[in-house]
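Taking it in order: structure first as structure tokens, then the write-up.
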Amino acid sequence: LLRCAIFGMERTPRIDTVFKSPWLPRVVMEFGYWMFRIPVRLCIVLGITPNMITFGSLLLTLGGAVAIGMGHFALGGWTLLFAFTCDAWDGIVARATNNCSASGEFFDSTIDRYNDLITYLGYLYYYRNDKLMLPLVALAMIGSTLVSYTRAKGDALGIDASVGYMQRHERAVWLGVSTAVAPIVSAFVEPGSPQPLYHLVVIVMALMAVLTNITAFWRISVVMNGIKLRQANRPPHE
């Protein structure tokens with residue numbers, strides 16, 4: 001923020017293509033890309049390919065989900081943040097090395113879906129006996145899956161459905177940060193609890209459960225209306 005105040009905020013072209021949302025201000029995203037510069041250059045120098053980074057994000061997500069399921073939220077949160085970071089690095093490395101391909105994009109999108117579901121499975125296991133959090137996590141998992149699916153299906157039909165809130169990069173930051181910081185909050189809110197509820201995660205998970213499903217229905221509406229409009233404008237057969 002200090003650097004942006006003195007020298008002005010840089011504008012990464014990639015971020016221009018991302019749908020704007022109040023849940024993740026641009027300055028935060030620009031900070032992330034600024035932080036990625038040295039690791040990305042290191043990956044390029046070492047010959048680490050985008051697909052290797054993508055697969056690494058899957059392994060890190062597995063580790064983070066296991067840590068969360070076992071109740072180690074600080075470790076799990078930071079591991080998830082690193083996994084989400086790797087998910088950003090693969091695309092940056094691919095573009096920097098001119099190594100973009102349809103197969104790489106497909107592999108990345110597929111692993112992203114695995115990562116999303118595996119992450120929520122960790123929370124589901126930890127909150128398996130909680131009657132409030134279990135359905136909240138399940139709703140967030142369903143909403144997150146449909147947010148990605150509806151956009152992908154819209155793109156396949158030639159309809160831009162990039163609307164709504166809590167898209168993947170937003171979910172990554174909110175969920176990772178809240179999980180990593182939750183034990184600190186818990187130490188004051190519920191000290192000495194053998195099975196902490198982690199109230200910060202509860203709040204963020206509730207937001208995600210609501211906003212992802214709102215976004216999913218919003219995108220369904222956009223795609224359906226786009227299909228109807230296309231059919232209405234189609235010239236009649238002779």
How close do [X] and [Y] get, heavy atom to heavy atom, and via which atoms?
X: Gly154; Y: Val223; value: CA-CG2, 3.9 Å
X: Cys86; Y: Ile53; value: O-CG2, 3.2 Å
X: Met166; Y: Glu170; value: N-OE1, 2.9 Å
X: Ile44; Y: Ala96; value: CD1-CB, 3.7 Å
X: Ala65; Y: Thr119; value: CB-CA, 4.3 Å
X: Gly226; Y: Ile159; value: C-CD1, 3.7 Å

For [X], does the [atom1] atom sit with more than 12 other heavy atoms under 6.0 Å from it, leaving out its own atoms?
X: Phe55; atom1: CZ; value: no
X: Glu190; atom1: CD; value: yes
X: Tyr125; atom1: OH; value: no
X: Leu46; atom1: CG; value: yes

Exam field: side chain Asn213 to backbone Leu139, donor-acceptor pair closer than 3.5 Å: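 Present.
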Side-chain donor/acceptor of Ser178 to backbone N/O of Leu175, under 3.5 Å: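 Yes: the side chain of Ser178 pairs with the backbone of Leu175.
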Sub-6.0 Å ring centroid separation between Tyr126 and Phe73: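 Under 6.0 Å, so yes.
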Interatomic distance, [X] atom [atom1] to [Y] atom [atom2] [nearest 0.5 angstrom]:
X: Thr54; Y: Leu59; atom1: OG1; atom2: CG; result: 11.0 Å
X: Thr79; Y: Leu81; atom1: OG1; atom2: CG; result: 9.0 Å
X: Leu200; Y: Met205; atom1: CG; atom2: CE; result: 10.5 Å
X: Asn115; Y: Asp87; atom1: CG; atom2: CG; result: 6.5 Å
X: Ile184; Y: Tyr198; atom1: CD1; atom2: OH; result: 11.5 Å

Salt-bridge contact Arg151-Asp160 (side-chain N to carboxylate O under 4.0 Å):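 Asp160 and Arg151: not salt-bridged.
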Hey, any chance [X] and [Y] share a hydrophobic cluster, counting ILVMFWY side chains that come within less than 4.5 Å of each other, even indirectly?
X: Leu58; Y: Leu80; value: no
X: Tyr120; Y: Leu132; value: yes
X: Val93; Y: Ile111; value: no
X: Val181; Y: Val173; value: yes
X: Val202; Y: Met208; value: yes

4.5 Å side-chain heavy-atom contact, Ile220 and Leu146: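 No, too far: nothing below the 4.5 Å cut-off.
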Beyond-backbone contact of Tyr123 with Tyr127, side-chain heavy atoms, under 4.5 angstrom: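 Result yes, sub-4.5 Å side-chain heavy-atom pair found.
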Stepwise side-chain contact (heavy atoms from CB on, under 4.5 Å) check, Ile118 with Leu62: CA-CA 7 Å; Ile118 289 169; Leu62 280 168; 3.8 Å; yes
Donor on one side chain, acceptor on other, Ser144 and Arg171, under 3.5 Å: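 Present: a donor and an acceptor within the cut-off.
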